[in-house]
Amino acid sequence: MIRTNNTSTLISKFTTKMARRRGPTMLFLLFISIIAFGAFVPVFAPLPSLSSSSHSHRHRKVFAANARSFEIADDMFLKDGKPFRIIGGDLHYFRILPEYWEDRLLRAKALGLNTIQTYVPWNLHEPQPGNLVFEGIADLVYFLKLCQKLDFLVMLRPGPYICAEWDLGGFPAWLLAIEPALKLRSSDPAYLKLVDKWWGILLPKVAHLLYNNGGPIIMIQIENEFGSYGDDQAYLHHLVKLAQEHLGENIVLYTTDGGTRETLEKGTIRGDAVFSAVDFSTGEDPSPIFKLQKEFNAPGKSPPLSAEFYTGWLTHWGEDLQRTGADFTASALEKIFSQNGSAVLYMAHGGTNFGFYNGANTNADEYTYKPDITSYDYDAPIKESGDVDNAKFNALKSVIGRHSATSLPSVIPNNEKTGHGAIQLQKTAFLFDLIDMINPADVVESRNPVSMESVGQMFGFIVYVSEYTSKDDGSSLFIPKVHDRAQVFVLCSSDDKGGRPTYIGTIERWSNVKLILPNTKCASNISLFVLVENMGRVNYGPYMFDRKGILSSVYLDGRILHGWKMISIPFNNLNEVPKNNLITQVSHSRIVTKLEDNSETISKEPAFYTAHFSIEKVNQVKDTFISFSGWGKGIAFVNDFNIGRYWPSFGPQCTLYVPAPILRHGENVLVILELESHHPELVIQSVDQPDFACGSSKSNVHQL
């Protein structure tokens, strides 16, 4: 049952409950202690083993393994001694439910691909230090064996940095809590020590799946587009040595960098130990770029390869959905193939940024912050829900068919989708009321605000609580540095009417403003609540060291406000379920919080809304989309699975994809946390098609 606090209880939880005092050093020790006792457990159960497969971490030779080889010579890829063209595509296992891995791979096979390229996000597999996850959606070995079962080769990109429009470029956020601060993507010894430990776990897991050992992996990428970021050859050489220690010296290592002299000079590892591949904008003339590529490879070791042939582009909140023409994209691919080039489609299938793992970008400074939408459709030929009945799939398949060494399989029909119509929700609880369920021992107290990472909260939300004395003419609140979006509320603890927190305004990283706190007659100090949302860490560029929360002093009428409590709000993420699971508590509650009135300040208070809906027939358990048209901003969970963020008022994404494996025959539970303003009728719609026409376009977009 969800408890609804009256004013006195609410105040006591926020302003009088004891919290431990910690300085910066002790905060980090707290963080270590939290993860040491295992604050989270994995979401998914292990997948069944594929036949004749083993998860041995040792190098394992199979029958006739000596007959298998993949190498580079005479400016060609040679597979078992014969020339081979890579016709590949990126398909990320961590953006697809495991139940759909085979479905999406079969669609990639029907497109004509012979190779799958995928990143390995460190943060998915080690969400907390020492807490390793290699099951469910993180079962990399199972995915690789499935690729082999379907006769794909694999180009593996283990990072440690991956970009990928993924939170912090795949780095675990707990790296940001370490003091002194690490210098990511560098030869910083403290950073390299952690990379050594991570690759010491990861690479032995895949060693037996190298092509020469009987597996599908033909190439391993070193870092990712490093030439666009830094110039640290010692770092790159360290990664090469580390990879060879774990995988042997016969594995083909490669780098990928933009097709310019500057990026190749910084990102290439000279000599014949590492192959240098390129990427470039779709439609660029590949000829001069492939010629430049040769300069950065050893003689005879430069088969032309576009390791990221962009089939579309990423989309940020507030932009139009990015689209590229089918014929234009197919024509650009034809130009590469006509020069005996190889190509990897980025993306062949984009998938979905489930949970809180979406990335973000910046421009000239860290305040030009643009988080990615939940969908990672990417305008790829295989759509987010797996659909292939589209012009781009057909156009690319036609080009690939002309250059493929084998006949292409028939196209698989689209998976059926359905809409369940209108679903009625009920208000279940206010977010602030549920803080009563937070363990007091997990509340951190400090003189000044500290980052989310410093209190062991890596994703989602955190509440900062302080208090101040009211003034007759009101007060001015200024928070110079908020990452990423803060909603501000005040509450008079001496209010005898049992009032609720009053919404004051929102402070955003990209449009920081001062807020005026109203004149509130209050016999006691006024409680100040700042709810901060982490909207996704920057994954590319110089501002990647992207801590979240309040990262500066807070100023009240020009003076620093001291005395803060930090309260983490735990929610399900893609690979983690907190032990204190608020979503489970909400979803099993039938108690509806009663509103005192319908005022603007009440409607702006974040609240949970729950719906129990039934799928009566087994054959109606199909993919669907939930439309949030008429709602404000928030996150959604279906049967405890975090399907992502919605923000239809900003757009362009109106719907969230709900794959059939999340649903079940019989009762299903939808829980949403609405941060701003609910639908006036508390209704959402289950529809059978995605919608990306919400909001308004207000940003410069990538044009191809």
Side-chain angles (χ1 to χ4, degrees), residues 44 95-107 110 137 321 349-355 373-393 410-426 572 574 583 587 609-631 634-646 648 651-672 679 681-694:
F44 294 96
R95 284 185 161 119
I96 309 164
L97 291 190
E99 295 90 338
Y100 274 164
W101 283 348
E102 184 164 359
D103 175 87
R104 302 304 193 257
L105 288 170
L106 287 171
R107 295 172 192 279
I137 203 167
L321 185 69
H349 170 61
T352 309
N353 294 318
F354 293 119
I373 63 174
T374 298
S375 172
Y376 198 64
D377 180 85
Y378 212 84
D379 198 28
I382 304 171
K383 310 310 291 180
E384 180 180 15
S385 60
D387 287 1
V388 294
D389 184 16
N390 62 77
K392 185 171 288 184
F393 184 95
S410 58
V411 177
I412 303 172
N414 293 343
N415 290 327
E416 290 189 29
K417 290 171 282 294
T418 191
H420 300 286
I423 298 176
Q424 185 69 49
L425 293 99
Q426 291 182 310
N572 306 24
L574 185 59
I583 295 304
S587 65
Y609 299 82
T610 303
H612 295 257
F613 64 99
S614 181
I615 300 178
E616 300 297 338
K617 298 180 180 180
V618 174
N619 62 5
Q620 287 300 306
V621 180
K622 301 175 182 178
D623 288 2
T624 190
F625 299 86
I626 294 180
S627 172
F628 289 91
S629 179
W631 291 81
I635 55 176
F637 303 82
V638 175
N639 296 329
D640 285 349
F641 183 86
N642 188 334
I643 61 172
R645 310 174 199 264
Y646 66 87
Q653 186 169 359
C654 314
T655 54
L656 291 182
Y657 174 48
V658 183
I662 294 175
L663 300 169
R664 54 196 177 218
H665 176 223
E667 186 178 75
N668 293 265
V669 182
L670 167 68
V671 177
I672 68 174
H679 189 286
E681 297 177 2
L682 300 185
V683 171
I684 61 97
Q685 298 286 334
S686 168
V687 298
D688 62 1
Q689 293 295 325
D691 182 2
F692 292 93
C694 282

Heavy-atom pair with the smallest gap, counting every atom of [X] and [Y]:
{"X": "Pro648", "Y": "Cys694", "result": "O-CB, 3.3 Å"}
{"X": "Leu425", "Y": "Ala611", "result": "CG-CB, 3.8 Å"}
{"X": "Pro690", "Y": "Thr655", "result": "CA-OG1, 3.4 Å"}
{"X": "His665", "Y": "Val621", "result": "N-CG2, 3.8 Å"}
{"X": "Cys654", "Y": "Ala693", "result": "SG-N, 3.6 Å"}
{"X": "Ala380", "Y": "Gly350", "result": "CB-N, 4.1 Å"}

Do [X] and [Y] come close enough that some side-chain heavy atom pair is under 4.5 Å?
{"X": "Ile635", "Y": "Ile672", "value": "no"}
{"X": "Lys622", "Y": "Asn415", "value": "no"}
{"X": "Thr610", "Y": "Gln426", "value": "no"}
{"X": "Pro659", "Y": "Tyr100", "value": "yes"}
{"X": "Val388", "Y": "Asn414", "value": "yes"}
{"X": "Arg95", "Y": "Thr352", "value": "no"}
{"X": "Lys417", "Y": "Phe625", "value": "yes"}
{"X": "Asp691", "Y": "Phe628", "value": "no"}

Return the [atom1] to [atom2] distance between [X] and [Y], rounded to the nearest 0.5 Å.
{"X": "Leu656", "Y": "Asn353", "atom1": "CG", "atom2": "CG", "answer": "11.0 Å"}
{"X": "Tyr646", "Y": "Ile626", "atom1": "OH", "atom2": "CD1", "answer": "10.5 Å"}
{"X": "Leu670", "Y": "His420", "atom1": "CG", "atom2": "NE2", "answer": "11.5 Å"}
{"X": "Thr374", "Y": "Ile643", "atom1": "OG1", "atom2": "CD1", "answer": "8.5 Å"}
{"X": "Ile412", "Y": "Asp103", "atom1": "CD1", "atom2": "CG", "answer": "6.0 Å"}
{"X": "His349", "Y": "Ile96", "atom1": "NE2", "atom2": "CD1", "answer": "4.0 Å"}

Quiz prompt | Test ring-ring contact (aromatic ring centres under 6.0 Å, His included) applied to Tyr378 - qualifying residues, sequence neighbours left out | solution =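 Residues passing ring-ring contact (aromatic ring centres under 6.0 Å, His included) with Tyr378: Tyr346, Tyr376.
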Exercise. Go through Ile615 and Arg664 one step at a time and tell me if the side-chain contact (heavy atoms from CB on, under 4.5 Å) criterion holds.
Key: CA-CA 7 Å; Ile615 300 178; Arg664 54 196 177 218; over 6 Å; no
Quiz prompt | Result of checking Leu97, Asn572, Val658 against Phe641 for side chain to side chain contact (heavy atoms under 4.5 Å, CB included) | solution = Leu97
Exercise. Please say whether more than 12 non-hydrogen atoms of neighbouring residues, nucleotides or ligands are located less than 6.0 Å from CD in Gln424.
Key: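 Yes, CD of Gln424 has more than 12 neighbouring heavy atoms, counting only those of other groups under 6.0 Å.
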Quiz item: Would the number of heavy atoms belonging to other residues, nucleotides or ligands and lying under 6.0 Å from CG of Asp389 be above 12?
Solution: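 Counting other residues, nucleotides and ligands, CG of Asp389 stays at 12 neighbours or fewer.
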Quiz item: Run the side-chain contact (heavy atoms from CB on, under 4.5 Å) check on Phe613 and Leu663 step by step: do they pass?
Solution: CA-CA 11 Å; Phe613 64 99; Leu663 300 169; 4.2 Å; yes
Self-check item: Gln685 (side chain) donor-acceptor with Val687 (main chain) under 3.5 angstrom
Solution: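 Side chain of Gln685 to backbone of Val687, a donor-acceptor pair under 3.5 Å: no, none is there.
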Quiz prompt | Intermediate values then yes/no, side-chain contact (heavy atoms from CB on, under 4.5 Å), Asp387 and Phe393 | solution = CA-CA 9 Å; Asp387 287 1; Phe393 184 95; over 6 Å; no
Are [X] and [Y] close enough that a side-chain donor and a side-chain acceptor fall under 3.5 Å?
{"X": "Ser686", "Y": "Thr624", "answer": "yes"}
{"X": "Asn668", "Y": "Asn639", "answer": "yes"}
{"X": "Glu384", "Y": "Ser375", "answer": "yes"}

Quiz prompt | Full working for side-chain contact (heavy atoms from CB on, under 4.5 Å) between Phe692 and Ile373 | solution = CA-CA 10 Å; Phe692 292 93; Ile373 63 174; 4.2 Å; yes
Quiz item: Taking the six-membered ring for Trp, are His679 and Trp631 parallel (under 30°), tilted (30 to 60°) or perpendicular (over 60°)?
Solution: tilted
